J.: 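Dumping the structure here so I can ask a few things about it.
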Amino acid sequence: MQQNACAVILAGGEGKRMKSDKPKVLSEVLFKPMLGWVIDTVRSAGIEHICVVTGSKREYVEEYLRSLSVPTETVFQSERLGTGHAVMTALPFLKQHTDSKTVILNGDAPFVSADTLQSVLSDQYDNACTVVSAEVSDPFGYGRILRDSQSDSLSGIVEEKEATDEIRRIKEVNSGVYCFKTDALIEAVSALQKSPLTGEYYLTDTITILKEKGKTVGVCQAESADSVLGANDCFQLQELNEIARQKVMKAMMECGVIIPCPDGVIIGADVSIGKGTVILPSSVIRGNTTIGAGCEIGPAVLIENADIPDGTVCRR
């Protein structure tokens, strides 16, 4: 458990291009809302105190949070005025944790790892702020990481809308994950000014504010470019689902689960399967399902919220 850490998850996005009645963070990857993936990661990193910043259609997010066994607080961002403004709405929560570190994450980026969070929370990164970055092949739309040409240290972050053509060619991008010393975050967020171009408050501007105050800032590069991935429409959501599907199957096979032909196999993120179990094509396993060792599942079966003992043969 991270005794001196809390988390703020930004979950106020409307997600109009999803064409859904629910907020974007509740769009599902492997049958589980993206927000649920992020909360599970935060908890896996040992962080117990969590504040979720809601926005559009907040009642859906609040209802989902109530369905979880994980305690969370919520605050409401009534206006969409940028990431900096979202964190401003969480100031009452932050002021309860001034002697801690605060991790800030996006609720629609499901693949941030617990290892990355534990890394930025470690003494190795004892900065006023550490930004998690990632190298991507197509950086369009992401804030670019600027490094000092001599020391290679973090010098700033420039958003896509405000970047020059030269900066847009940079492929190291801001993942949207930050680790702040909470007292430094409160000070920097309170000093944010609106962008003259967009009228938004950028959380990335806290980097410049902290540097001007003589505080240390740093960057920690994530082990995978997947850390920055999110979805703005159903096509991108399908891509996330396929990435997650492959990740889950790979993890299962590394633990001794046999998937001789993965065609049509979908295994949810909360499923547990024992070694030596064979999963045959077109099998869908989801929910809080536990399958024992030495089973044979499929082909073409649906299993949901089940507890299947060792040695079971489950066919259509």
Side-chain angles (χ1 to χ4, degrees), residues 1-13 23 25-26 29-30 32-55 58-77 83 86-132 175-189 203 206 218 220 222-223 227 230 268-272 287-288:
M1 182 190 305
Q2 293 286 346
Q3 297 287 353
N4 292 310
C6 62
V8 174
I9 302 175
L10 309 185
V25 295
L26 296 186
V29 173
L30 290 188
K32 180 176 182 175
M34 291 190 284
L35 178 58
W37 285 74
V38 177
I39 290 173
D40 282 354
T41 297
V42 168
R43 294 285 291 182
S44 295
I47 301 170
E48 288 194 335
H49 302 289
I50 302 171
C51 178
V52 178
V53 180
T54 66
R58 62 174 171 168
E59 64 276 10
Y60 290 100
V61 175
E62 291 168 353
E63 180 182 8
Y64 172 67
L65 293 174
R66 286 194 296 269
S67 74
L68 304 178
S69 59
V70 177
T72 58
E73 296 183 35
T74 61
V75 293
F76 176 51
Q77 184 187 15
T83 51
V87 176
M88 288 179 193
T89 65
L91 282 172
F93 169 82
L94 295 172
K95 288 175 181 177
Q96 300 173 40
H97 302 280
T98 53
D99 60 345
S100 70
K101 290 183 177 180
T102 297
V103 175
I104 297 176
L105 312 93
N106 290 319
D108 59 354
F111 299 145
V112 176
S113 73
D115 287 345
T116 294
L117 298 190
Q118 289 172 334
S119 179
V120 295
L121 285 166
S122 70
D123 292 339
Q124 177 185 356
Y125 294 100
D126 191 29
N127 302 309
C129 176
T130 302
V131 179
V132 176
S175 72
V177 179
Y178 308 79
C179 180
F180 288 89
K181 290 183 177 178
T182 306
D183 54 355
L185 173 61
I186 293 170
E187 183 180 10
V189 165
L203 186 60
T206 59
C220 168
E223 68 278 4
S227 297
D270 298 322
V271 172
S272 174
N288 293 313

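Nothing fancy with the numbering, it's 1 onward along the sequence. Note that the coordinates shown come from a computational prediction; the quantities given were computed from them, not determined experimentally.
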J.: Answer whether the closest heavy-atom distance between the side chains of L105 and L117 falls below 4.5 Å.
T.: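 Sidechains of L117 and L105: in contact.
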J.: Keeping S119 on the side-chain end and D115 on the backbone end, is there a donor-acceptor pair under 3.5 Å?
T.: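 Between the backbone of D115 and the side chain of S119 there is no qualifying donor-acceptor contact (under 3.5 Å).
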J.: Flag the pair K101 / N4 as yes when at least one side-chain heavy-atom distance between them is below 4.5 Å, and no otherwise.
T.: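 They are not in contact (no side-chain heavy atoms under 4.5 Å apart), so the answer is no.
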J.: If only atom types and distance count, is the side chain of T54 paired as donor or acceptor with the main-chain N or O of V75 below 3.5 Å?
T.: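 Side chain of T54 to backbone of V75, a donor-acceptor pair under 3.5 Å: yes, one is there.
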J.: Would you say C179 and L121 make side-chain contact, with heavy atoms under 4.5 Å?
T.: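 Result yes, sub-4.5 Å side-chain heavy-atom pair found.
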J.: I need the single residue from N106, V112, I104 that forms a side-chain contact (heavy atoms from CB on, under 4.5 Å) with V177. Which is it?
T.: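 Going through the options one by one, the only one that passes is V112.
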J.: For residues S227 and A109, report the shortest heavy-atom separation together with the two atoms involved.
T.: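 Nearest heavy atoms, S227 then A109: O-CB, 4.1 Å.
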J.: So, do R43 and I50 sit near enough that their side-chain heavy atoms are less than 4.5 Å apart?
T.: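 With C-beta onward as the side chain, the pair touches.
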J.: Does T182 use its side chain to pair, donor to acceptor, with the backbone of L94 at less than 3.5 Å?
T.: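 Pair absent, no side-chain N/O of T182 close to backbone of L94.
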J.: Answer yes or no: is there a donor N or O on one side and an acceptor on the other, between the side chain of T83 and the main chain of L203, under 3.5 Å?
T.: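 Yes, the answer is positive, given that a donor and an acceptor are paired below the 3.5 Å cut-off.
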J.: Between the side chain of W37 and the main-chain N/O of F111, is any donor-acceptor distance below 3.5 Å?
T.: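 Between the backbone of F111 and the side chain of W37 there is no qualifying donor-acceptor contact (under 3.5 Å).
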J.: Would you indicate whether E62, at its atom CD, is surrounded by more than 12 heavy atoms from other residues, nucleotides or ligands within a distance under 6.0 Å?
T.: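 Buried by this count: over 12 neighbours within 6.0 Å.
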J.: Without swapping roles, check the side chain of S175 against the backbone of V132 for a donor-acceptor pair under 3.5 Å.
T.: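 Yes; judged by distance alone, with no hydrogens or angles, the pair exists.
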